[in-house]
Enquirer: 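There's a structure below that I have some questions on.
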Amino acid sequence: MQVSPVLHGYFRSSCSWRVRIAFALKGIEYDQVAVNLIKDGGQQLAVIQYIDETRPGPRLLPADPKARAQVRMISDLIASGIQPLQNLSVLQKIGAEKLPWAQHFISRGFQALEPILKQTAGKYCVGDEISMADICLVPQVYNAERFKVDVGQYPTIKRLNETLAEIEAFKLSHPSRQPDTPADLQA
């Protein structure tokens, strides 16, 4: 008998959200322990790769080495190059300038990401299968919208996000549908 995994997370944490999407795509039942984050919960791509390697269901990393490298490149760009600059601890340190700060770094990251996705995307970030890159993209677009970045400037990113937002795993894992979501933010 397999024990259900326990996800210690925060409803709006991009890191926790990526893991929730991976669980939902793999059809994994899990328990949640709410953690009110004051600082970054940490890099969680290793968790997604572990889930992919140890659980059945759709692959989150393609079998093809070139496509797998593309997925990792996109995932790393988002999870290491864009998202950490909007972590709560960073924004608290920035203070009153947090909105322009977040807009600047999200826009800069999206300017790098858009041409990559134009080359790699099919229906999803890399080809026509959902991957870890898609799992990373959706929470980052949410952050962009939260910080009032005009996502329309990035048509590939916008199209991919709209496509992914219609998939049940992405709907179920959305921050507005989590047990620790404040009532005024629930869907």
Side-chain angles (χ1 to χ4, degrees), residues 1-90 109 113 116-117 120-143 157 160-161 163-181:
M1 179 171 141
Q2 199 165 30
V3 176
S4 292
V6 177
L7 174 62
H8 294 259
Y10 179 63
F11 79 100
R12 203 160 40 195
S13 162
S14 295
C15 297
S16 297
W17 191 355
R18 290 190 291 259
V19 175
R20 290 192 307 263
I21 295 169
F23 280 153
L25 286 169
K26 293 276 192 175
I28 299 170
E29 301 263 337
Y30 63 98
D31 296 319
Q32 290 193 66
V33 175
V35 177
N36 191 346
L37 293 181
I38 295 174
K39 59 183 181 176
D40 178 34
Q43 170 58 264
Q44 293 188 355
L45 288 178
V47 172
I48 294 169
Q49 292 179 50
Y50 175 79
I51 292 167
D52 194 39
E53 293 167 359
T54 62
R55 302 295 176 112
R59 292 183 61 97
L60 304 177
L61 286 164
D64 175 69
K66 181 179 179 185
R68 191 167 54 247
Q70 291 171 327
V71 166
R72 285 189 170 126
M73 173 183 61
I74 293 163
S75 299
D76 287 345
L77 174 60
I78 296 167
S80 299
I82 305 172
Q83 184 264 323
L85 296 166
Q86 296 109 63
N87 283 340
L88 183 58
S89 62
V90 173
L113 183 60
I116 293 168
L117 291 173
T120 64
K123 185 174 181 181
Y124 305 114
C125 286
V126 178
D128 295 327
E129 299 293 327
I130 294 173
S131 71
M132 184 169 69
D134 302 290
I135 290 171
C136 291
L137 180 67
V138 170
Q140 187 55 60
V141 172
Y142 174 87
N143 282 341
I157 292 171
L160 291 167
N161 186 67
T163 298
L164 292 160
E166 295 302 315
I167 296 169
E168 193 63 20
F170 289 82
K171 289 178 184 179
L172 290 172
S173 62
H174 193 276
S176 66
R177 297 184 67 182
Q178 301 313 303
D180 61 324
T181 304

Enquirer: What closest approach, in Å, do Val126 and Gln70 show between heavy atoms, and which atom pair accounts for it?
Expert: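 Reported closest heavy-atom pair: CG1-OE1, 3.6 Å.
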Enquirer: To the nearest 0.5 Å, tell me how far Leu113 CG sits from Ile82 CD1.
Expert: 5.5 Å
Enquirer: Which atom pair, heavy atoms only, marks the closest approach of Leu160 to Gly122?
Expert: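 Looking at all heavy atoms of both residues, the closest pair is CD2-O, 4.3 Å.
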Enquirer: Between Tyr124 and Leu137, is there a side-chain heavy-atom distance shorter than 4.5 Å?
Expert: no
Enquirer: Using a 6.0 Å cut-off, check whether atom CD of Gln32 has over 12 heavy atoms from anything other than its own residue.
Expert: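 Result for CD/Gln32: enclosed.
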Enquirer: What's the spacing between Ser14 OG and Asn87 CG if we round to 0.5 Å?
Expert: 7.5 Å
Enquirer: Would you name the heavy atoms of Pro5 and Ile28 that are closest together and state the gap between them?
Expert: CG-CG2, 3.8 Å
Enquirer: List, one per line, each side-chain donor-acceptor pair under 3.5 Å for residues 61-69, sequence neighbours excluded.
Expert:
{"from": "Asp64", "atom 1": "OD2", "to": "Lys66", "atom 2": "N", "distance (Å)": "3.3"}
{"from": "Asp64", "atom 1": "OD2", "to": "Ala67", "atom 2": "N", "distance (Å)": "2.8"}
{"from": "Arg68", "atom 1": "NH1", "to": "Pro62", "atom 2": "O", "distance (Å)": "3.0"}
{"from": "Arg68", "atom 1": "NH1", "to": "Ala63", "atom 2": "O", "distance (Å)": "2.8"}

Enquirer: Where is the tightest heavy-atom contact between Val71 and Ala133, given as atom of each residue plus distance?
Expert: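 Here Val71 and Ala133 meet closest at CG1-N, 3.6 Å.
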Enquirer: Just checking Tyr50: does its OH atom have more than 12 heavy atoms from other residues, nucleotides or ligands closer to it than 6.0 angstrom?
Expert: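 No, not enclosed.
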Enquirer: What distance do Ser75 atom OG and Gln49 atom CD have between them, rounded to the nearest 0.5 Å?
Expert: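 With rounding to 0.5 Å, OG (Ser75) is 8.0 Å from CD (Gln49).
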Enquirer: Is the closest side-chain heavy-atom distance between Leu7 and Asp31 below 4.5 Å?
Expert: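 No, every pair of side-chain atoms sits at 4.5 Å or beyond.
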Enquirer: Within this structure, what is the OG-NZ distance for the pair Ser176 and Lys171, rounded to the nearest 0.5 Å?
Expert: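 Between Ser176 OG and Lys171 NZ, I get 11.5 Å after rounding to 0.5 Å.
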Enquirer: Where the side chain of Ser173 meets the backbone of Ala169, is there a donor-acceptor pair that is under 3.5 Å apart?
Expert: yes
Enquirer: Within the side chain of Thr181, is there an N or O that forms a donor-acceptor pair under 3.5 Å with the backbone of Pro175?
Expert: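 The answer is yes, because a donor-acceptor pair under 3.5 Å joins these two groups.
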Enquirer: Without swapping roles, check the side chain of Asp180 against the backbone of Phe11 for a donor-acceptor pair under 3.5 Å.
Expert: yes
Enquirer: With a 4.5 Å heavy-atom cut-off, do Leu60 and Lys26 have their side chains touching?
Expert: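 Yes, side chains in contact.
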Enquirer: Out of curiosity, Ile167 CD1 to Leu172 CG, how far, rounded to the nearest 0.5 Å?
Expert: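 It is 12.0 Å, given to the nearest 0.5 Å.
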Enquirer: Does any non-hydrogen side-chain atom of Arg18 lie less than 4.5 Å from one of Val47?
Expert: no
Enquirer: Walk me through it: do Trp17 and Tyr142 pass the test ring pair (Phe, Tyr, Trp, His ring centres under 6.0 Å)?
Expert: CA-CA 11 Å; Trp17 191 355; Tyr142 174 87; 5.1 Å; yes
Enquirer: Under 4.5 Å between any side-chain heavy atoms of Glu129 and Pro58, yes or no?
Expert: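 Side-chain contact under 4.5 Å: no.
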Enquirer: Would you say the side-chain atoms of Gln178 and Arg20 include a donor-acceptor pair closer than 3.5 Å?
Expert: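 A pair is found: one side chain offers a donor N or O, the other an acceptor, under 3.5 Å apart.
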Enquirer: Any non-hydrogen side-chain atom of Thr163 less than 4.5 Å from a side-chain atom of Asp134?
Expert: no
Enquirer: Using a 4.5 Å cut-off on heavy atoms from C-beta on, say whether the side chain of Cys125 contacts that of Leu117.
Expert: yes
Enquirer: Do Tyr30 and Val6 come within less than 4.5 Å of each other through their side chains, counting heavy atoms only?
Expert: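 No; the side chains remain at least 4.5 Å from each other.
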Enquirer: To the nearest 0.5 Å, what is the distance between CG on Leu77 and CZ on Arg72?
Expert: 16.0 Å
Enquirer: Using a 6.0 Å cut-off, check whether atom CD of Glu168 has over 12 heavy atoms from anything other than its own residue.
Expert: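 Yes, the 6.0 Å shell around CD holds more than 12 heavy atoms from other groups.
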